[in-house]
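Quick caveat: nothing in here was measured; it's all calculated off a predicted structure. Every chain is numbered from 1 and lettered A, B, ... according to where its sequence line falls, protein lines coming before strand lines.
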Protein chains: 2
Amino acid sequence: MEEEIHSPAGGNPVSPFQKIGSEKLLSGRIEESIESAIRKKQYLAGQKLPTEGELCKLFSVSRTVVREAFRRLSARGLVVIRQGSGAYVNEISSESAIDSINLYLELTDDGNMIFDIIRARQLFEPEIAGLAALYRTTGELEELAGNMEELRNCPLDDIEKETEIDSRFHILIAKATHNTVVSLLMRPVFDSMPRFKRSIFAKNKIDDRQAEKRRLIQFHEDIYQAINSGDSREAAYAMQTHIKRSERNFLDSLKPGVEGLKPGVDG
Amino acid sequence: MEEEIHSPAGGNPVSPFQKIGSEKLLSGRIEESIESAIRKKQYLAGQKLPTEGELCKLFSVSRTVVREAFRRLSARGLVVIRQGSGAYVNEISSESAIDSINLYLELTDDGNMIFDIIRARQLFEPEIAGLAALYRTTGELEELAGNMEELRNCPLDDIEKETEIDSRFHILIAKATHNTVVSLLMRPVFDSMPRFKRSIFAKNKIDDRQAEKRRLIQFHEDIYQAINSGDSREAAYAMQTHIKRSERNFLDSLKPGVEGLKPGVDG
DNA sequence: AAGGTATAAGTTATATGACAAATATTTACA
DNA sequence: TGTAAATATTTGTCATATAACTTATACCTT
């Protein structure tokens, strides 16, 4: 019989797919079955899953439902589908998970999200900088130095690029903790920085920009030096100072008149 | 006939859907188009999207690709599809995003994830408890009290339930910060607690369980009191103490000999 | 025999048509 | 007017066919 599907990995002849339950949609049930097999590592990253046709026979369903199950799985980043070739377990990547958080934050932002972001940075980033000072490698220090060089060379009027470099600086520090959880969870915070900073800069007077960039560079320099010297306490302090300054910049940018104020009364 | 990409009937207010680009798959392009419309809030949560048939005509594609686009969108939590009714923009929920992170953490756990989790908690939770002490409402205090009551009443041998209650305690504190970013990002950390604690308890001597639970209750009590009295510093300290103890428990559970080895020495 | 090319086979992508199942709307009736 | 039945709409699943792409094979040239 060709009942046997793929036997991945080891010699276990038992099908990696659990019997489909009594859920609602067929495509959902098959999605769960395949997901379960992947979670149990019965299929490893890069491995090829059975073809649509094989799964049709295995589950006794039409190609439609198998394809829709694959679509759901690929949308969630669990598998990649290559036309003409097949479906493969995706190399695990944090991007899909991070994108999911970013989407949520974007959709739920009622305009006050930035306050939560700033507060979260105040809470977490000094601790992160302190940890980075303890665990950073020389390679990571070089990356930070390179990032600062990029910042110095960034044209004064290219705000888009500057904020991107800035947020990458903080991502690098989070990575230097060598804590995958910390660096993963902080990514959405840093990813949102450009979005917010755009609106801040938009309200700033142009004259302030040059001085502000000098300060930004100096803050990064201070943080870098502390991390470089392995001084955890100083790194935390430098980071705290940096973020407080950023917050003040933001609050100042709101001063002239909060956008929420109804027109009718003005200066 | 259906060659024409028609503008929606009548006076033609601009279509909410952007023109499809030059991506690879049709279903992917249509997914992006619909996602973009949702991100721009041209369709709000709960609103009904066009039917499959309408989208087929609008994009001049088959039902197959429209359905697969919908499957992807629903897998990502952007829309919900109700048979016989239609597709609706999903009420925004953090669950999908959190699940995505949880899946990533589970798949990438090589056995050392727990160290990162513990360290992340050490970094973040004291700060969170401190913030919660400042912003908690009386309702949230009641929830915390109720949670502690649940913990006291939990059977000593029901580890599954105990860990669930425990992690919920910490989730409640994160929520009490009234910072959506903080409570969202910490969720995966707390969600992973039961998974890890199972293995810790499994290696603990049964005799320790009663004393250990008493200590757990006392820690929660201390944290609660500090948060209740609005003492930010004390709340952070109590939380720090709690987590350090948890870490020691974990490290102790590894002592006798990493996995496999039966504990042969006890008090 | 080695290497490249054309061909064939396998696999996914899309289209179409049909019917089932669930829901929504309209109609008919009391 | 309110309710129930009938009808229409919409999504779910199946089946078949063809296009587009990938991989494997056979063949040819050198």
Given D:dT13, D:dC14, C:dT23, identify the nucleotide with an atom nearest to the side chain of B:Ser85.
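For B:Ser85, the side-chain atoms sit closest to C:dT23.
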
For the side chain of B:Thr51, starting at C-beta, report the closest nucleotide among D:dT10, D:dC14, C:dA24.
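Among the listed nucleotides, the one closest to the side chain of B:Thr51 is D:dT10.
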
What integer distance in Å separates [X]:[atom1] from [N]:[atom2]?
| X | N | atom1 | atom2 | value |
| --- | --- | --- | --- | --- |
| B:Glu54 | D:dT9 | CD | P | 12 Å |
| B:Leu25 | C:dA15 | CG | C1' | 14 Å |
| A:Leu26 | C:dA21 | CG | P | 12 Å |
| A:Ile30 | D:dC14 | CD1 | C1' | 13 Å |
| B:Lys48 | D:dT10 | NZ | P | 6 Å |
| B:Lys57 | D:dT9 | NZ | P | 11 Å |
| A:Lys24 | C:dT23 | NZ | C1' | 14 Å |
| A:Glu52 | D:dA15 | CD | P | 15 Å |

Ignoring hydrogens and geometry beyond distance, is the side chain of B:Arg63 in donor-acceptor contact with the base of C:dG17 at under 3.5 Å?
no

Indicate the atoms forming the closest heavy-atom contact of B:Glu162 with B:Cys154, along with that distance.
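Heavy atoms of B:Glu162 and B:Cys154 come nearest at N-SG, 3.7 Å.
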
Minimal non-hydrogen separation, A:Asn90 against A:Gly77, with atom names
ND2-O, 3.0 Å

Is the side chain of [X] donor-acceptor paired with the backbone N or O of [Y] at a distance under 3.5 Å, no angle test?
| X | Y | answer |
| --- | --- | --- |
| B:Asp116 | A:Asn179 | no |
| B:Ser167 | B:Asp191 | no |
| A:Asn147 | A:Ile165 | yes |
| A:Glu32 | A:Arg29 | no |

Quick one: pull up NZ in A:Lys41 and CG in B:Leu107 and give me the separation to the nearest 0.5 Å.
5.5 Å

Near DNA chain C, which residues from residues 67-83 of chain A have a heavy atom under 4.0 Å away?
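Going residue by residue through residues 67-83 of chain A, the ones with a heavy atom under 4.0 Å of DNA chain C turn out to be A:Arg67, A:Arg71, A:Ile81, A:Arg82, A:Gln83.
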
Within the structure shown, what part of the strands sits under 4.0 Å from A:Thr64 by heavy-atom distance: base, sugar-phosphate, or nothing?
base

Please state whether the phosphate of D:dC14, meaning OP1 or OP2, lies under 4.0 angstrom from any side-chain nitrogen or oxygen of A:Ser62.
yes

Contact nearer the 5' end of DNA chain D, comparing A:Ser27 with A:Gly84
A:Ser27

